[in-house]
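Everything numeric in this text was worked out from a predicted model, so none of it was measured. Only heavy atoms go into these numbers, but all of them, side chains included; no hydrogens, no water, no symmetry mates.
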There are 2 protein chains.
Amino acid sequence: MVSTATGRGRPTIRDVAAAAGVSRGTVSRVINGGHWVSPEAREAVERAIADTGYRTNQHARSLATGRSNSLAFLLTEPQDMLFADPNFAILLRGAAEALARRGMTLVLLVAGTPTERENAAAYVADGHVDGVLLISTHADDPLLADLVARGIPTVSCGLPLGFTGQVASVSVDEIGGARTMVRHLRATGRQRVAMVAGPLDTPGGRYRLDGYRDELGADFDERYVAYGDYTVESGAAAMEELLVRAPDLDAVFAASDTMAAGAIATLRKHGRRVPDDVAVGGFDDAGLAATLDPPLTTMHQPFDLISAEMVGLLLDVIAGAPHKSVTMPASLVVRTSA
Amino acid sequence: MVSTATGRGRPTIRDVAAAAGVSRGTVSRVINGGHWVSPEAREAVERAIADTGYRTNQHARSLATGRSNSLAFLLTEPQDMLFADPNFAILLRGAAEALARRGMTLVLLVAGTPTERENAAAYVADGHVDGVLLISTHADDPLLADLVARGIPTVSCGLPLGFTGQVASVSVDEIGGARTMVRHLRATGRQRVAMVAGPLDTPGGRYRLDGYRDELGADFDERYVAYGDYTVESGAAAMEELLVRAPDLDAVFAASDTMAAGAIATLRKHGRRVPDDVAVGGFDDAGLAATLDPPLTTMHQPFDLISAEMVGLLLDVIAGAPHKSVTMPASLVVRTSA
DNA sequence: TGTCAACCTGTGCACGGTCACAGGCTGTGA
DNA sequence: TCACAGCCTGTGACCGTGCACAGGTTGACA
């Protein structure tokens, strides 16, 4: 019997109570943990729930409790950089799945333009979601400052440079990953490993360079480093620069796959074969890595694990746990370019 | 003054009413359209809203109205095919933006596994969202049947083959797009245009082939058609088949960019130059189209417009309008391959 | 002057839960 | 026999909004 006692609409907690011969309070107790409820009452309620086909009304529950049972996936990327990368989709999907497993849902918030940012901030501040999964590459994001100031539970994807300790985060081991790649390049016999680094105000720009420097130790030489901004074009330009400053280089570690793609194009233009003359290593294992010519050796970011971890961490923060910063290992994916 | 009259929590409609010297009902009327309310009362309420910093509580509103002010973006792709394509992200982002403009939000629902499908169906049936933006490539999707049976407002992305007329949809002009591509190939002097078609139980498989056939008219020849399943590998295999059956072909129209990528690989393997010996045209303008070697000439799907149109259509359906099917034009993007 | 429509306003109830509190029952120990 | 703790249950208030209804005011018109 899936009809309701009252006859109209979906069965409510009252219908269940009536069917079970108990009060609303008891039904509520059974639904939420069920402490201090006699076995007979619990069984009766559970049967009544099954009989009536009762499902709790989230809107009513949210109104009463103030919680919403959903998290926001907040994107603060003005450009479509993240969007263009299949990894982003993996992150999004992973988060949605991790939430679905807990009976929660994911609300997608896009905050590209200033107007959108305001709306998103208002939406979050209004308590429509219990917390925020923040996806942002920029270190000095004012939106993050806003979230922190309002005390909204937040987990950042990637280390939030200006807010260390103030907000929980999940990030890949940038330094360790960079060191792994440099070690790999040198292990295959390369002597002079150059680097195309990213902007220093992003964690990927800063810490991947740190890892490169750490691994090289005394062999580190400023002339072998050039900078890009994660675009393909900037990688190509940085490579041009390196070929002038350090023409004897025999390997390049790019701080992102996109910049590696640009670097490869430049190398080819100048007649340097990849990987025969110059080995090229990237970072991210973005979608284009496998389809590049030659297929790119790179550091894989475990976005599926990262998103699951972010969800777990955020729920902890919501429950009152202190902020934590979790680091996930990057893994070397050897293809052809190095 | 952004504090509340009662002192605790956020200001409610009562606080606004008190501040404006009117009743709750009048405040409610001002908020919702404001018909039948005197100019003075409206002004007083508006000022009171600004003074108190009042924002309407969606949970309470949803409980009272039964509406949720959000739509679901429902993905029914078992594999990550859609996810791997940046176009998917454009679709998602476009939908989120179109909703944000209306003060609504987008809930992401992933229904890959059977369990996920059930949960998603239950979630939707529970009235957590007002309607569903369905993203599915499979024609006979049981989830769609379920949605239709339950009378849940739905808009499909792409023509839902088994449900013509039963559900609103937004799709690209498959036939017209295919004809445009074939016309382009012939206009550049190609005489024997072959086709790598997709599965006939998908709209892209069926209608792009129809367009190809229509455009060729009397010149259509069954031997010049092979089938794939949208994967790169299947495109490569179909191309092998075509080279055997119709070795004199001088152009290929692939029903997707991924299959075009496979076709190009096969052609190169057999020493046919692209586009010198064989011109290749694709469909979708997927992310990989621009980075293929040579860059792929293809039909661009306007996913940004499609998503906005889907949202508009779904809101119409929710408002009680009859189901409509809207077709958006695909545009030819000429790169190097044809 | 009475009737009536058009306009504006306030009030009570409903939406479907949660939670605090009071109170009943039972068994134990003084 | 009484006090009291431990367990279980029911009730009323409340979360913040929308909506139907009733009623009040005003002006036009017969």
S.K.: Starting at atom CD1 of A/I31, determine the distance to atom P of C/dG16, rounded to an integer number of angstrom.
M.R.: 14 Å
S.K.: Rounded to the nearest 0.5 Å, what's the gap from CG on A/N69 to CD on A/Q58? Could you check?
M.R.: 4.5 Å
S.K.: Can you check the A/L63 CG to D/dC15 C1' distance for me, whole Å?
M.R.: 4 Å
S.K.: Expressed as a whole number of angstroms, how long is the span from A/R14:CZ to D/dG10:C1'?
M.R.: 13 Å
S.K.: Could you tell me how far apart B/R61 (CZ) and C/dG16 (P) are, to the nearest whole angstrom?
M.R.: 18 Å
S.K.: Just verifying a value: how many Å separate A/E116 CD and A/E118 CD, rounded to the nearest 0.5 Å?
M.R.: 11.5 Å
S.K.: Specify the closest pair of heavy atoms between B/V148 and B/F163, including all atoms of both residues, with the distance to one decimal.
M.R.: CG2-CD2, 4.3 Å
S.K.: Specify the closest pair of heavy atoms between A/R67 and A/S62, including all atoms of both residues, with the distance to one decimal.
M.R.: O-OG, 2.8 Å
S.K.: For A/N57 and C/dG17, give me the distance from atom CG to atom P, rounded to whole Å.
M.R.: 5 Å
S.K.: What does A/S62 touch in the nucleic acid at a heavy-atom separation under 4.0 angstrom: a base, only the sugar-phosphate, or nothing?
M.R.: nothing
S.K.: Could you work out how much the helix from C/dT1-D/dA30 to C/dA30-D/dT1 bends, comparing the axis of its first five pairs with that of its last five, to 10°?
M.R.: 60°
S.K.: What is the distance, rounded to the nearest whole Å, between atom OH of A/Y54 and atom P of C/dG16?
M.R.: 10 Å
S.K.: Tell me the interatomic distance from A/R24, atom CZ, to C/dC15, atom P, rounded to whole angstroms.
M.R.: 13 Å
S.K.: Tabulate protein N/O versus nucleotide N/O from nucleotides 4-6 of chain C, keeping only pairs under 3.5 Å, one per line.
M.R.:
none

S.K.: If I take atom NE2 from residue B/H128 and atom CG from residue A/N57, how far apart are they, to the nearest 0.5 angstrom?
M.R.: 7.0 Å
S.K.: Taking all non-hydrogen atoms of both residues into account, name the closest pair between B/V16 and B/A48 and its distance.
M.R.: O-CB, 3.7 Å
S.K.: Measure the spacing between OG of B/S70 and CG of B/L106 and express it to the nearest 0.5 Å.
M.R.: 8.5 Å
S.K.: Could you grab the distance from atom OG1 of A/T76 to atom CG of A/L134, nearest 0.5 Å is fine?
M.R.: 5.5 Å
S.K.: Using a cut-off of under 3.5 Å, enumerate the N/O to N/O pairs linking the protein to nucleotides 6-9 of chain D.
M.R.:
unit_1: D/dT9; atom_1: OP1; unit_2: A/S38; atom_2: OG; d: 2.6
unit_1: D/dT9; atom_1: OP2; unit_2: A/S38; atom_2: N; d: 3.0

S.K.: Do A/R10 and C/dG16 share a donor-acceptor pair, side chain to base, under 3.5 Å?
M.R.: no
S.K.: Write down the distance between CZ (B/R55) and P (D/dC15), rounded to a whole number of angstrom.
M.R.: 21 Å
S.K.: Using the side-chain contact (heavy atoms from CB on, under 4.5 Å) rule, take B/R61 and B/N32 through it: C-alpha gap first, then chi angles, then the decisive distance, then the call.
M.R.: CA-CA 11 Å; B/R61 173 180 282 173; B/N32 306 329; 3.3 Å; yes
S.K.: Check A/S169 against A/V155 and note the closest heavy-atom contact, atom names and distance.
M.R.: CA-CG1, 4.2 Å
